[in-house]
Amino acid sequence: MRRSAGLQLVSQELTRLQCQARPRPLCPPRNCRLASSTSSYTSRNISCISPSFAGAHHSHHRDIARSNFKRHVSSRTHTSASFTPSFPNDHDHTHSLHSNIHYILSQTKIPVGRMNNINRQKARSFLFITSKWANEQGATLSEALLERLHQEQETNHNEAIVDTDMYNACMHAWNISGADGKIIVQNVESILTRMEQRCADDTLHNSHRARPDRTSYNCLLHSYSKCDEDSSWKVQAVLEKMNAMAQESKDREYASKVQPDEITYNTVMNYYATRTKSKFAAQHAEDILLQMSELSQHTNSNVRITSTSFNIVLKAWSNSGCGWEGAERAKSLLHKMIQWHNHGHANVAPTAVSFSTVMDAYTKVERVHASTAVENAMELLDWMEASSISDPEHVHSCYNAMAKVCIRMGVENVGERVMELMRRMKNMDAVPDERMYTRCIEAYAREGSEGAFAVAFGVLDEMREHLQCNPSSVAFNSLLDALLKKQTDQSMELAEKLMKKMESLGGDSRPDIASYNMMISALSRSSCKGSEQKAVDYLRSMLRSFNNDHYSKAKPTSFVFNSVIAMLDRSSEEWADDVMYKTLMSMENQQRQGNASVIPDTITYNTVIGKLSKRPTKENAKKVMKLLTQMESKEEDGNFDASPDIITYTNILKIQSKLDPNRASDIASRYVTRSLARSPLPPMDRVGLRALLMALSRSGKFENAFDAISLWERLEGCGKTTKLLDSDTCNLVLLAFSKVKTEQSADIVLSFLTERLKRLSNGDKSIVLPTVVGMNAALTVLSNSGRINDALSIVEIMKALYMNGHSKLQPDPGCYTSILTSVASVQSSSKNNALYAEKVLKKAKEELEVVPITLVNAAINACAWTSGDQNDKKRAIQIAFEIFDQTKERSSYDAVTFGLMIKACMKLSSDDDTRFKLVQRLFQVCAKNGLVGNMVMREIGHFKPMLLPDGKVPQAWKIHANDK
DNA sequence: ATAGGGTTAG
């Protein structure tokens, strides 16, 4: 395929940018080593490198953490000045921070109760420093210091060491940590609870413990808005509690300290404003605004409505998920705000944020309203320019919001439109910032034409010049996105080049989680060979970037891992299953290290287990079992994300039944037992049920057969008959019992069958019956217990059902064979064996058109195993010969028939003389017919006394034996 | 201690 001119242009552009990239600074060892070791999976060197200072309790860990930090800092100073990954505060302070950390860590070595004043003062100021780091480490560290100082206070009853501000700072630290919402809420709740409990425990001896104030509760309320979970009842409860405390407290001063203020109400509104896709929440936020307005009327009120309050409600409507309606409501609220302002409420002046928030609401309207949305937003922009804004330094954000509306609404020639906005903002003395340039790039890239791409790259260049630094990954991502949506080989190639360039530029330009998501999911959609390898390589470099270089923007989410796993699942590369397993291990590793955005779930595990099960090797079986254990132990710990389900077990049983059937039946049994204990039963499907029953039916253990039947009956009771149960699975249940030789089995099987037959005769048409296969198994069980008559009546019933249209229940020779084989088995041999054999054979001859030799043989064999006294045995021999003689007439016997007859004579004869005569006679007929087989020779060989007095085999035997 | 903004993704 020839390259089009436009793409060629873009490609040149890329190469040019590549050359412009800053010369690679000196840090070759790190990169070289990593690059050469791509074959080893990165997860191995992940765990030890991630620094977790606060969690480092003993000095060994601390040393590792510290030395890694040092290495990290020194390598960074070489690469990029704008890079501040793990401690995003002022870069120049890195050194003093380092010594701070050193100091703080050394604090933990001082025994409790031995900190002097200077120690305490330092710890206190470090607490306030670390609490402003705005990352998880800062929060963890400040909380650790808080707890350490609390211990100190507990041993010095007369001194107040920990005050309310310190608690508040720690909660604030979590709120700004950027951690996952759930984690923030957990930590803030736990700090506040501790604070409250410690106060409640306070005695006269120590009345110095810090009491939560309004700020503390405001912090708590704030944390709820960071988390997606529905915490509205908690928010409501906190507000009520604050009001109650303010009213009920006898301490007037304290009462005024916990009385909710405007920040409290703003924060509560903000909680509702952050609930996306909920009209109710937006309405609720607006209601609170009304309440605030009433409260502010009271004298001495500490509540007053400001621009912020309004802006929060504007956001609420923008986030409400109400599309056009939400945008319109936001707009009219903005009008109301201006009215208020005009009526003398100076502190509700609309700000740039107000305008840009409403504009943002117009980016979320339904397609039909696209052009009106753009018009309305443009009106807002005109309006904003005409009015005096109280925060002119934020005016540029309105142009950005406007540009976003144009892009989202699919305006034609968006690139030029956004360019125009950039010119227009300059007239307002607003300087386009990085975000605005990025928007502009996005706009051109979205246009998709090759010329537009070239312009986008041009803007990227311009941006570097104007901003005097490299564009952040976001700008590149817009380009990547647009390139990858083109879905051509060339554009994929260009995207790969772009990724390389981002890496070489380093710093904030490095690929982030969005870049990796896009590349990997595009690769997983591609059918080119080698895409798997490329995707896995990207995953590895992402992990390296996050784990080793602490690049927080590359923090992985489930999405990347799942894309890779899904792609490998479809792959035919022979390493695919192994790499899938390693990918899952790496996911678990992330989770273990506290990355809350990585959640391997049941589907993830099932995909990997499913793939591993396709290749039944011992290693894969081991891996699969390890994964199952992992899933089960998570479930026990109360984490149900990855609870094993029927699909999990189906795959596990698939591999184990090939390698270790006993293990398979144990696994199946454990699962069935647990499932039966639950109500309702966990979901089950046909394939899974079959796999379970197969595994259970193989073992020959009574418990397993019992599990099988219990499960089947329970499912039948749930009315799952049509969806799940069929004759096939019913057969498996009976088959399970056919290998168990106990009296109990016969009872269970018989009542199982009679129950179903009874229901059938009562007109239950949904009843599931076994086929001959299952029936044969049932016959085996009954005959094993000597219940030949029961067995024969079952055959009768089968015949009747067959006549009634149950075509799969036609009695076949196998039925009789099943009975006779059981009669012959050692466990069930009785004095009646021969009589049974005679009876069964007779019945078979009546019912069947052709009686196969095997059936006759089975009858003779049954006779051979007759026990009891001499008379019983003598009669057995007679019966055997009668059967044999009848057979002879039809000349349908074989070598085995002779073997069995000889065996019968050997076993049943009362003395050697009789034995000799009978066997000799049989042997002669046998030899004449040329049917001397292995079995015949073996039987004769067993009998030493049959040899001649001189120890030789009689001539008669010899001749014919050698003839053969 | 409260209001915001950029990219992706089945």
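Within every chain, numbering begins at 1; the chains are lettered A, B, ... in the order of the sequence lines, protein sequences first and strands thereafter.
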When the distance from [atom1] of [X] to [atom2] of [N] is rounded to whole Å, what number comes out?
X	N	atom1	atom2	answer
A:Arg304	B:dT2	CZ	P	16 Å
A:Leu334	B:dA3	CG	C1'	14 Å
A:Met242	B:dA1	CE	C1'	10 Å
A:Met171	B:dT2	CE	P	13 Å
A:Lys132	B:dA1	NZ	C1'	12 Å
A:Asn168	B:dA1	CG	P	8 Å
A:Ile191	B:dA1	CD1	P	14 Å
A:Lys226	B:dT2	NZ	P	8 Å

Q | For A:Tyr362, all residues meeting side-chain hydrogen bond (donor to acceptor under 3.5 Å, both in side chains), sequence neighbours excluded | A |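 A:Tyr362: side-chain hydrogen bond (donor to acceptor under 3.5 Å, both in side chains) contacts with A:Glu328, A:Asn376.
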Q: Check side-chain hydrogen bond (donor to acceptor under 3.5 Å, both in side chains) between A:Tyr437 and all other residues, then give those that pass, not counting sequence neighbours.
A: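 With sequence neighbours excluded, A:Tyr437 shows a side-chain hydrogen bond (donor to acceptor under 3.5 Å, both in side chains) to A:His466, given in chain and number order.
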Q | Set of side chain to side chain contact (heavy atoms under 4.5 Å, CB included) partners for A:Asp261, sequence neighbours left out | A |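 Partners of A:Asp261 by the side chain to side chain contact (heavy atoms under 4.5 Å, CB included) criterion, ordered by chain and then number, come out as A:Arg214, A:Asn218, A:Ile263, A:Thr264, A:Asn302.
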Q | Test side chain to side chain contact (heavy atoms under 4.5 Å, CB included) applied to A:Arg525 - qualifying residues, sequence neighbours left out | A |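 A:Arg525: side chain to side chain contact (heavy atoms under 4.5 Å, CB included) contacts with A:Gln487, A:Ser521, A:Ala522.
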Q. When you check the gap from the basic side-chain N to the acidic O, do A:Lys553 and A:Asp508 get nearer than 4.0 Å?
A.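 A:Asp508 and A:Lys553: salt-bridged.
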(Q) I'd like to know if A:Arg124 pairs up with A:Asp163 as an ion pair, taking the criterion as any Lys NZ or Arg NE/NH1/NH2 lying under 4.0 Å from an Asp or Glu carboxylate oxygen. (A)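 Yes.
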Q.
Need one value for A:Thr267: base, sugar-phosphate or nothing, where a base atom within 4.0 Å counts as base even if backbone is also close, heavy atoms only.
A.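 Sugar-phosphate, backbone atoms only, no base.
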Q: Just call it for A:Asp261: base, sugar-phosphate, or nothing, with non-hydrogen atoms closer than 4.0 Å on any strand.
A: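 Base contact.
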**Q.** Partner residues of A:Glu253 under the salt bridge (charged side-chain N to carboxylate O under 4.0 Å, His left out) criterion, sequence neighbours left out
**A.**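 Result, salt bridge (charged side-chain N to carboxylate O under 4.0 Å, His left out) vs A:Glu253: A:Lys257.
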Q: Report, as a single string ordered 5' to 3', how protein heavy atoms within less than 4.0 Å touch nucleotides 5-10 of chain B: B base, S sugar-phosphate only, - not at all.
A: BBBBS-
Q) OP1 or OP2 of B:dA3 less than 4.0 angstrom from a side-chain nitrogen or oxygen of A:Asn270, does that happen here? A)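 Yes, because at least one side-chain N or O of A:Asn270 sits under 4.0 Å from OP1 or OP2 of B:dA3.
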